[in-house]
Structures are given as C-alpha cells and as structure tokens.
Amino acid sequence: MKVTIVGAGHVGLVTGACLAEVGNDVICVDNDKQKIEQIDAGVMPIYEPGLPELVGKNMKKGALRVTTSMEEGVNHALVIFIAVGTPPKTDGEADLSYIEMVAREVALHMDGYRVISEKSTVPVKTGEWVDRTIRLNNRHKVEFDVVSNPEFLREGAAIFDFMYPDRIVVGSGSDRAAEIMRELYQPIIERNFPGCNVLLDEVGPVPLLVTDVKSAELIKHASNSFLATKISFINAVANVCELSGADITLVAKGIGLDHRIGKSFLHAGAGYGGSCFPKDVAAFKKISGDLGYDFRLLEEVSRINQAQRELVVSKIKKTLWIVREKTIGVLGLSFKPDTDDMREAPAVDVIKALQAEGAKIKAYDPQAIPEAEELLQGVEFCKDAYEVACDADTLLFMTEWEEFRTLDLARVKEAMNYPIILDARNMLDPNAVRAQGFEYVGMGRH
Ligand code: UGA
C-alpha cells in the first residue's frame, strides 16, 4: 500500500520504516530540511536501537523515501499518517497547531480519496477538528476519511513494539477506512512479514480493535495515564515500605503476581519522565476538566511523581549531612535506559536541586550527554562510570542502563572518596553492594 507519514520524529520515522519493512511503499515528509537531509544521509535525528539499519535497508530497497514536499507526500499515498509533535502549552493543554497546519496542507493537495490517520497523541475530539479543517480546505472536493490509530511504542523498544504490538487500535467512522487500515496492518496482525520471529499458530493474531474515532483517541491518553498511575502508586507504597521497614521489591512482586494487576510497571524509583507520561497525564487532566470532570486522581499521580525526585535529594542530604562542596557522581541521565532522551528526565531536577545546595556534580550517561549538556550547567561530564566515581562522595544511580549493573564495584570503591551508593532506580543487589563495603541506600527497600 502507498503510505505517507507526516512528521519524521520518533513515532513518524519508526512507523515509516516499519511499514516499509512489512511491504509498503512509504514516504516520510518533514518540513525540517536539515532533518530530511540527515536521514537521507543515514543519520537518525533520534537514538533508537535498530532504526538506522531499518531505515537504511528500506531506503536502499526504494520502499522508503524522505522529502520536505507535502505535495509529493499527499499525491503519493492512500493512507496519510499525521505524526507531528503536540507539545504541551503552559496549562498542560496540547498545542495542536502543527496538526491543523498538516490537515490544511493535506486538504489542499488531495486529488482523490485519502485516509488521514491521526498517529500523534491528541485530545479526544481532535478527529472532529481535523475532519472539519480538511472539509473547509478540500479544494478538489474529494472524498476522505479521518481515522485515529494511536501508537503505543516505547522509546528504546519502538521497533519491537511496532512489529509485535499487544493490540492495534483503529478509530473510524467509516467501514471503508477501517478496512483499508486492517489491510495495511495485515502482515503485522497475521505475523506474516520477513524476519517475524513468532508463529501465528503459537501466539495467535494481534488483536485489532476497531472503535469510533473518539474512543480510540481516549484509549491512548487513558493507557498512558493508567501506566503513570501504576508507577506513582508503587512509589507511594515504596514510601510506606520505607516508613514501616518493609521492602518494596518484595511487596511489588507479591502484588504483581495477581494476574489482574500484572507485574510490569511496578518498579519503584525516581519516578517517570520522558515526552509521554508527564505530558499525557497533564493533558488528560486538562481535557477532562474542560469536558466537566475534575480528574483529581491524575493531579495526585503527578504530585507523587514530582515528590520522588525531591525524595532522592533528601536521601542524599540524609546520607551526607552537609551537601555543600561534596561531589555527587551521577550515573545515568536519560529518563530511562536505551534512549538519549532527556525530556522530563528526573536526573535534571535532582542535579539542579543538588547544585542549588552547593554540591559539585560529575555525570556519565552512555547516550544522553550531548542532550544533557543543553539542559545542565556546571556539570563535569565524564567518559565512563569509573571517571565519575573518582573522588565522589556519593554515587547516585539515576537511570538503569545495563552497563551499570556489571560495574567492577571494587574499582568503584577504590576511586571514591566515601563508599556511598544511592540507587534511585533500585537496580542493584543491595547485599552484593554492601558485601563490597558500601553503604547502600535504595528507594523503599532494605
Ligand atoms: C510510554 C508508553 O510505555 C508507551 O506505550 C507509549 O506509546 C509512549 O509512552 C508514548 O505515549 O509515546 P515511553 O515514555 O517511551 O513509553 O517509556 P516507558 O518505557 O513507558 O517509561 C516511562 C517512564 O516510566 C520512564 O521514566 C521509566 O523509568 C518509568 N518507569 C517505568 C518507572 O519508573 N517504573 C516502572 O515500573 C516502569
């Protein structure tokens, strides 16, 4: 099928590359000329494992092209995905001006039936506005349908999530458009694409849920808000564990074994960050409020999340007593492992608060240092964890990168000033760390 993706960001580029990989003819459009030139030259605008290879392979095959021309993109495709950014405004509301702009341009260039699919995370009822915008600018009076097809991919695991999703959601008011979307996703639904490493007979097809447009839009915000709620809930329980002497890792295990709850997203720590949960929780709260429902639970979810960052700082103060002039070595800066994304990363708030207390900060992250340099001043960025440990008074683990799990702790201890580890992600084995002679502080655990 001929497909165009507007917006060559994380979601757009992954969607384009994956749809090309499963046999479609894809164009990615972006109005950022430099970005398009870079992608064309094999340089990805974001760090995502496997993406450069997938984009390169499909561009070479001719299954994936990139352009700055909306006209070319709109002429090319039957299905046009809108995957542009929806950054938050100061009140938490999503800024939909890019979506509107794209809808207008699509309408101006359409010369035949098109399915316009919302991929960006948008407030419920955005589909109605997109539909209206296209209708008002529909020069050639062609038929079209607007559908909502939210993306559930995680940064760092985006290609896997696209190829092996838990579900595909399509919100559509038209059977014709829903059928086209079903056909587009057929290889993924039927586990029938080159290199697919699961068997249809063993795992069954991917569930495709067809709903009305508004329900599909709501599913995305509700899913992310629910996951964020799960994280804040377990962080709150971690605090109760700490006050009572229980251990959150055991409590989470015990809770998660109930299959109605499930064991994922019960990992307590410094809280969630990234471009999705903080933004989507705030946006969903605002949308609900505008519609007349005061979703106070979500306000508490955000508050607990922010408090976790403050808790990390207070734990450092408790351990070091005086923070001024002390050196804190920070391991991990990105909001989670396997990404260079620093948006809403807990490490930023924690580092700034420690600097405000007069601490010196040394830091290392396997991918995010260039991004972090833009956000943080006065930090000594190091080439690896051992350089960070050198003369540090505390080593603070802020992101659970795999390489930090296998550090030579004897070497780390040797380099440090005081042997203190604050594990803000509960990623280390406290007994193993203590056995090396460290003082270990976790988040709600023994
Ligand atoms: C999230 C969702 O997981 C995706 O399904 C969704 O498509 C995406 O948002 C989006 O809306 O685009 P992402 O933000 O990439 O994906 O990252 P997650 O892996 O979900 O992690 C989010 C944050 O929660 C991270 O800061 C992580 O450290 C934290 N987290 C996660 C916890 O603190 N505890 C947990 O148990 C799990």
Side-chain angles (χ1 to χ4, degrees), residues 7 9-15 46-49 83-88 94 118-123 149-162 164-169 217 219-238 248-249 251-253 255-256 261-284 301-302 304-309 311-312 332-350 365 368 397-401 423-427 443-444:
H10 216 129
V11 169
L13 204 51
V14 169
T15 303
I46 36 124
Y47 171 75
E48 179 63 44
V84 294
T86 55
E118 300 173 328
K119 200 70 170 155
S120 311
T121 303
V122 290
N149 172 222
E151 194 44 68
F152 301 106
L153 54 84
R154 291 161 299 170
E155 287 182 26
I159 294 169
F160 176 87
D161 287 350
F162 195 96
Y164 306 98
D166 284 352
R167 79 298 206 188
I168 293 170
V169 174
E217 291 169 334
I219 285 169
K220 173 67 189 197
H221 265 137
S223 296
N224 274 1
S225 296
F226 188 82
L227 291 168
T229 305
K230 227 176 156 186
I231 298 170
S232 279
F233 182 85
I234 205 67
N235 281 330
V237 177
I248 190 61
T249 54
V251 173
K253 203 172 187 173
I255 299 172
I261 298 174
K263 62 182 191 301
S264 62
F265 276 72
L266 288 181
H267 197 90
Y272 59 79
S275 64
C276 305
F277 289 173
K279 172 169 88 86
D280 290 354
V281 170
F284 198 30
V301 167
S302 304
I304 294 171
N305 196 51
Q306 194 56 34
Q308 287 307 106
R309 300 172 184 203
L311 182 62
V312 173
L333 296 164
S334 55
F335 82 97
K336 66 170 190 176
D338 297 323
T339 175
D340 62 352
D341 200 336
M342 286 296 298
R343 284 175 289 180
E344 301 284 337
V348 174
D349 280 353
V350 169
D365 187 284
F397 287 71
M398 282 304 299
T399 317
E400 63 274 41
W401 283 94
D423 182 4
R425 291 290 178 184
N426 285 351
M427 62 177 289
M443 303 290 282

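In listed order, ligands and their atoms are each counted from 1.
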Nearest protein heavy atom to atom 28 (O) of ligand 1, by residue and atom, and its distance?
R425 NH1, 3.4 Å
Here the gap from S223 atom OG to R167 atom CZ, rounded to the nearest 0.5 Å, amounts to 4.5 Å
Picking from M342, M398, R343, E155, what satisfies side chain to side chain contact (heavy atoms under 4.5 Å, CB included) with F335?
E155
Kindly indicate, with the supporting measurements, whether the criterion side chain to side chain contact (heavy atoms under 4.5 Å, CB included) is fulfilled by F160 and R154.
CA-CA 9 Å; F160 176 87; R154 291 161 299 170; 4.3 Å; yes
Intermediate values then yes/no, side chain to side chain contact (heavy atoms under 4.5 Å, CB included), K230 and L266
CA-CA 7 Å; K230 227 176 156 186; L266 288 181; 3.9 Å; yes
Where ligand 1 meets K220 - atom numbers and elements under 4.0 angstrom, heavy-atom basis
6 (C), 7 (O), 10 (C), 11 (O), 12 (O)
Please give me the minimum heavy-atom distance between P88 and K279, naming the atom from each residue.
CD-CD, 3.6 Å
Going by heavy-atom distance to atom 27 (C) of ligand 1, choose the closest among H267, H10, K336, H221.
K336
Mind checking whether I231 has an N or O less than 3.5 Å away from an N or O of ligand 1?
no
Checking contacts here: is it the side chain or the backbone of V11 that comes within 4.0 Å of ligand 1, counting heavy atoms only? Could be both or neither.
neither
Would you check if D340 and S334 make a side-chain contact, meaning some heavy-atom pair closer than 4.5 Å?
no
Does an N or O from E155, backbone or side chain, lie closer than 3.5 Å to an N or O of ligand 1?
yes
Just verifying a value: how many Å separate Y272 OH and E344 CD, rounded to the nearest 0.5 Å?
9.5 Å
Strictly under 4.0 Å, does any heavy atom of K230 approach an atom of ligand 1?
no
Residue-ligand contact C276/ligand 1, heavy atom below 4.0 Å
yes
So, 4.0 Å and heavy atoms of G269: is ligand 1 close enough to count as a contact?
no
Look at atom 5 (O) of ligand 1 and say which protein heavy atom is nearest, naming residue and atom and giving the distance to 0.1 Å.
F152 O, 2.8 Å
Counting non-hydrogen protein atoms only, what is the nearest one to atom 8 (C) of ligand 1? Give residue, atom name and distance.
L153 O, 3.3 Å
Taking both backbone and side-chain atoms of R154, is any N or O found less than 3.5 Å from an N or O belonging to ligand 1?
no
Which atoms of ligand 1 sit under 4.0 Å from any heavy atom of L266?
36 (O)
Would you check whether N224 has a nitrogen or oxygen atom less than 3.5 angstrom from a nitrogen or oxygen atom of ligand 1?
yes
Taking distance alone, with N or O pairs closer than 3.5 Å, would you say F277 contacts ligand 1?
no
Looking only at protein heavy atoms, what sits closest to atom 23 (C) of ligand 1 is Y272 CB, 3.5 Å
Does the pair I255 and I234 meet the rule for a side chain to side chain contact (heavy atoms under 4.5 Å, CB included), with working shown?
CA-CA 10 Å; I255 299 172; I234 205 67; 4.0 Å; yes
For atom 20 (O) of ligand 1, find the nearest protein heavy atom and state the residue, atom name and distance (0.1 Å precision).
F265 CZ, 3.3 Å
Would K119 and N149 satisfy side chain to side chain contact (heavy atoms under 4.5 Å, CB included), going step by step from the backbone distance to the final call?
CA-CA 5 Å; K119 200 70 170 155; N149 172 222; 2.7 Å; yes
Do N426 and E400 come within less than 4.5 Å of each other through their side chains, counting heavy atoms only?
no
State which residue, out of F284, F152, F277, F226, fulfils the ring pair (Phe, Tyr, Trp, His ring centres under 6.0 Å) condition with H221.
F284
